[in-house]
Protein chains: 2
Amino acid sequence: MHKEHPLTKNQQIIFDLIDKSPEPMKAYSILFSVQKKGIKAPLQVYRALDKLVEIGKIHKIESRNAFIACHNSSCQVSKATAFSICEICEKITEISSASLSKYLANFKDKDGMKYSKYNLEFFGLCKKCR
Amino acid sequence: MHKEHPLTKNQQIIFDLIDKSPEPMKAYSILFSVQKKGIKAPLQVYRALDKLVEIGKIHKIESRNAFIACHNSSCQVSKATAFSICEICEKITEISSASLSKYLANFKDKDGMKYSKYNLEFFGLCKKCR
DNA sequence: TTTAAAATTGTTATAATATAACACCATGTA
DNA sequence: TACATGGTGTTATATTATAACAATTTTAAA
Ligand SMILES: [Zn+2]
Ligand SMILES: [Zn+2]
Ligand SMILES: [Zn+2]
Ligand SMILES: [Zn+2]
């Protein structure tokens with residue numbers, strides 16, 4: 001299980017913002033949104049983001065440089081992430097599939113090597129955009 | 001099968017450089033290396049990179065903002081990429097596993113949606129670093 | 001309780017990554 | 001020809017992310 005990490009003030013402000021957002025947020029858009037709350041510099045945002053990613057409360061969508069709150073309840077999710085990304089409307093959803101995560105967690109490459117962590121990004125068209 | 005794309009001068013210069021590199025290269029490191037050949041501006045590099053990615057000659061490692069030449073002979077690879085990344089020495093290898101690509105190409109999410117494209121990045125420790 | 005380590009914060013400056021906008025040129029083809 | 005398409009060269013700028021340093025708060029030993 002996750003150890004509980006009580007969030008600090010900046011972390012809480014930024015997590016709440018991302019958590020409420022219907023879509024992934026980018027760092028400088030976060031910065032803009034929290035300036036009224038006293039967070040004025042990029043580093044304050046990036047530090048909170050780093051920590052939130054580390055403890056698995058949010059994930060980074062690498063191909064979009066954007067951050068999304070994790071809504072999976074299971075642990076380990078910060079080490080095993082999968083997303084679907086619509087190439088038209090940019091709708092992004094975290095995929096939680098037991099069979100997928102089982103398959104990837106057990107995947108061995110040619111050298112028999114297993115991996116502790118992965119990030120998978122699927123691209124296609126969402127329901128609306130098809 | 002791929003349609004053959006004869007590379008333009010800039011594309012060829014940049015592809016050759018990446019292809020020879022033992023490790024993925026970043027855009028500005030590419031820029032530095034090709035300045036003696038007359039490529040002087042970031043845009044010239046990014047334009048060539050975009051095209052090379054599009055036609056599948058190279059791939060972008062999203063979590064590293066770096067580019068690697070594709071050594072898979074099969075087609076479709078630019079739409080279905082998987083890499084292993086060592087978190088210590090940053091050694092990066094393209095994974096070519098028929099079973100993995102088959103599994104992912106056929107993966108359907110909860111809504112029964114299939115995806116035209118994916119990128120998977122595994123993280124762990126390479127042989128040397130274990 | 002004291003005290004030292006660890007984590008968090010605030011701040012300025014700067015690095016690294018990527019694109020906008022515009023003019024020009026080459027090549028294919030109607 | 002004349003037009004479309006794609007590539008090039010160039011300057012400027014936007015976007016994303018980190019370095020460096022000082023101060024403060026939290027944590028957990030001693
Ligand atoms: Zn998650
Ligand atoms: Zn869509
Ligand atoms: Zn490849
Ligand atoms: Zn290694």
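We name chains A, B, ... by the order of the sequence lines, and we start the count at 1 in each one.
Straight-line distance from the CD atom of B/Gln11 to the P atom of D/dG6: 12 Å, rounded to whole Å. Note: NZ (A/Lys26) to P (C/dT17) measures 16 Å, nearest angstrom. Protein atom CD1 of B/Ile55 is 13 Å distant from nucleotide atom C1' of D/dG7, rounded to whole Å. Taking atom CZ of residue B/Phe32 and atom C1' of nucleotide C/dA16, one finds them 16 Å apart after rounding to whole Å. Taking atom CG of A/Leu49 as the reference point, atom P of C/dT9 lies 12 Å away to the nearest angstrom. Separating the CG atom of A/Leu7 from the C1' atom of D/dT26 is a distance of 15 Å, rounded to the nearest angstrom. In this structure, CD1 of A/Ile39 is placed 8 Å from P of C/dT9, rounded to the nearest angstrom. In this structure, B/Leu31 places its CG atom 13 Å from P of D/dT11, rounding to the nearest Å.
Taking every heavy atom of both residues into account, A/Met113 and B/Gly124 meet most closely at CE-C, 4.1 Å.
Closest approach to the B/Arg47 side chain among D/dT16, D/dT8, C/dA18 is made by D/dT8 (side chain taken as heavy atoms from C-beta onward). Side-chain proximity of A/Ala41 to C/dT11, C/dT8, D/dG7: nearest is C/dT11. Nearest to the side-chain atoms of B/Lys9 among the listed nucleotides C/dT9, D/dT8, C/dT12 stands D/dT8.
Checking each of B/Leu100, B/Thr81, B/Ile95 against B/Leu120 for a side-chain contact (heavy atoms from CB on, under 4.5 Å) leaves exactly one that passes, namely B/Leu100.
Ranked by how close their nearest DNA chain C nucleotide is to the 5' end, B/Tyr46 and B/Leu43 are led by B/Tyr46. Mapping A/Lys60 and B/Gln44 onto DNA chain D by nearest heavy atom places B/Gln44 at the nucleotide closer to the 5' end. Residue-to-nucleotide proximity on DNA chain D shows that, of B/Pro42 and A/Asn65, the 5′-proximal contact is made by B/Pro42.
In this structure, A/Tyr28 counts as stacked on the base of D/dT16 under the 5.5 Å centre distance and 30° plane angle limits.
The aromatic rings of B/Tyr118 and A/Phe122 stand perpendicular to each other, their planes meeting at an angle above 60°, with 30° marking the opposite boundary.
Remark: the backbone N or O of B/Pro24 is not paired with any side-chain donor or acceptor of B/Ser21 at under 3.5 angstrom.
Between A/Lys57 and A/Leu7, the closest side-chain pair of non-hydrogen atoms falls below 4.5 Å.
The side chain of B/Thr8 contributes no N or O atom lying less than 4.0 Å from OP1 or OP2 of D/dG6.
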